[in-house]
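Below: the structure, in structure tokens.
Both counts, for ligands and for their atoms, begin at 1 and track the order of listing.
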Amino acid sequence: MNTYSVNTQILRVNPEIPEPEIISRASRVLLEGGLVAFPTETVYGLGANALDESAVNRIFAAKQRPFYDPLIVHIAEKRDITLAATDIPELAYMLAEKFWPGPLTLVLKRHGRVAPSVSAGLGTVAVRMPNHPIPLDLIRAAGVPVAAPSANLFTRPSPTSAQHVLDDLGGRVDIILDGGLCLIGLESTVLDLTSDTPTILRPGGTPAEALRETLPELVIAGSHVASENRESKPSPGMMLKHYSPKAKFLLFSGGGENAIAQVQQIAIQLIGQGKKIGLLVTNEEFDQFSGMEAEIEVLGSGTNLAVIGQTLFSRMRALDKKGVEFILMRSLPREGLGLAIGDRLFKAAEQRIIDLDLPINFSDLLSSE
Ligand code: TXA
Ligand code: MG
């Protein structure tokens, strides 16, 4: 089957009370091996029947995703965890009780019936129950667990609207269920329960602080959270270039009271060199940047990380559409959702973070790859 030439249908769905006839149509497409994109509370997902190997393979082809990066299996009832996983520890049920439906993905031992490519050949499987009526109704109607990565092209920011999905996957997905904007805007927290100590492989919509109440021994993987880190390997997908806008993303940290003035200086120099620049700013920063010859996208109040999480990917995409060459942004506090936001920014910047407390080499900024 040619994945690249399907006729993509966009169907509007009521996100609170999904129309049964639309859900039933989409569920038939899933059962026939097709791809259906749908909103969740985190980001839009690109779904296929998790028990159908060739359908799952179409996900990888449509997204241009490498086969070694495993997918999340979505279920609609807590008890259906047994459809995807086996040898499930009591802790998983406790966490499901507390956090599902919601933005928490549990990595468990894989059940043999799940298509092997879902797990990229690993013996484990990631499972979550989304907190959104559209996927819940869809999974129930299909009667099978649904494998779904974020519905973006590999390395692009995750989609938080049906338009984003269409921009990336138009002609590669059979149906896009348009249920409006995603509430959280950041992907789920991926928590590995197969290692000795429960480990966050990807910070996300469920804050580490909330998990620590149940799991005091919780570990966070990844070199970028070194202060909280112990020896542990991140998710396969965490080692890749990810969430990148097309523009070169410059993330600034430190600088204290002078930080905004310093970022302004750098912006002015880039503009002076004829570069087209974009700024991602908080409400509080907006006035100080508003006179500049730059494309500006406002994220929301710096004191409300939930709103920043909601808008971040969509504002990155907006700046890309405007064709900027550089995106400048100041880093945010890393508490609560700030850990997930910081992780996505770190990846967007492809690990290039500019410490304003150190001397800045401007030509390095321009040339760094
Ligand atoms: O919020 C979300 O999680 C969204 C929505 C659609 O549910 N999905 C999502 O999927 O973000 P994706 O494929 O873009 O990210 C899944 C992450 C990747 O970092 C992947 O490496 C990790 O989960 N993952 C999946 N299965 C895993 C496994 N068996 N072991 C370790 N990590 C796994
Ligand atoms: Mg993704």
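Because the distance cut-off is set at 2.8 Å, Ser150 qualifies as a neighbour of the Mg ion (ligand 2) through one of its N, O or S atoms.
Comparing Gly45, Pro39, Pro103 by heavy-atom distance to atom 6 (C) of ligand 1, the nearest is Gly45. Between atom 7 (O) of ligand 1 and the options His74, Lys63, Glu41, the minimum heavy-atom separation is to His74.
Counting atoms of ligand 1 from 1 in the listed order, those under 4.0 Å from a heavy atom of Leu201 are 31 (C), 32 (N). When each atom of ligand 1 is checked for a heavy atom of Ala126 under 4.0 Å away, the hits are 25 (C), 26 (N), 27 (C), 29 (N). Each of the following atoms of ligand 1 lies closer than 4.0 Å to a heavy atom of Ile72: 3 (O), 8 (N), 9 (C), 10 (O), 16 (C). Listed by number with element, the atoms of ligand 1 under 4.0 Å from a non-hydrogen atom of Thr42 are 1 (O), 2 (C), 4 (C), 5 (C). Those atoms of ligand 1 with a heavy atom of Thr124 less than 4.0 angstrom away are 28 (C), 29 (N), 30 (N).
At a 4.0 Å heavy-atom cut-off, ligand 1 touches Arg128 through the side chain alone. Within the 4.0 Å heavy-atom criterion, the part of Asp69 lying near ligand 1 is the side chain and not the backbone. Of all the heavy atoms of Val125, the ones lying under 4.0 Å from any atom of ligand 1 belong exclusively to the backbone. Using a 4.0 Å cut-off between heavy atoms, Val190 contacts ligand 1 through its side chain alone, with no backbone atom that close.
Ligand 1 has no nitrogen or oxygen under 3.5 angstrom from a nitrogen or oxygen of Tyr44. Residue Glu187 places no N or O, backbone or side chain, under 3.5 Å from any N or O of ligand 1. At a 3.5 angstrom cut-off on N or O pairs, Thr105 does not count as close to ligand 1.
Side-chain contact between Leu345 and Met316 is present, with heavy atoms from C-beta onward closer than 4.5 Å.
When atom types are taken as modelled, the side chain of Lys276 and the backbone of Lys322 share a donor-acceptor pair closer than 3.5 angstrom. Side chain of Ser188 to backbone of Pro103: no donor-acceptor contact under 3.5 angstrom is found.
Arg156 has no carboxylate O lying under 4.0 Å from a charged side-chain N of Asp167, or vice versa, which leaves the two without a salt bridge. One finds a salt bridge joining Arg140 and Glu77 here, because a Lys/Arg side-chain nitrogen approaches an Asp/Glu carboxylate oxygen to under 4.0 Å. Under the 4.0 Å criterion applied to side-chain N and carboxylate O atoms, Asp320 and Arg317 are not assigned as salt-bridge partners. Taking a cutoff of 4.0 Å between a charged side-chain nitrogen and a carboxylate oxygen, Arg58 and Asp174 qualify as a salt bridge.
Contacts classified as side chain to side chain donor-acceptor pair (under 3.5 Å) and involving residues 125-136 (residues at least two apart or in different chains) are given here: Thr40-Arg128, Glu41-Arg128, Thr42-Arg128.
Other residues, nucleotides and ligands contribute more than 12 heavy atoms inside 6.0 Å of the NZ atom of Lys98.
Within the structure, the closest approach of Arg65 to ligand 1 falls below 4.0 Å when heavy atoms are considered.
Grouped with Val29 in one hydrophobic cluster are Leu11, Val13, Ile22, Ile23, Leu30, Val36, Phe38, Ile134, Leu138, Ile139, Val146, Ile175, Leu177, the linkage being side-chain heavy-atom contacts under 4.5 Å among Ile, Leu, Val, Met, Phe, Trp and Tyr residues.
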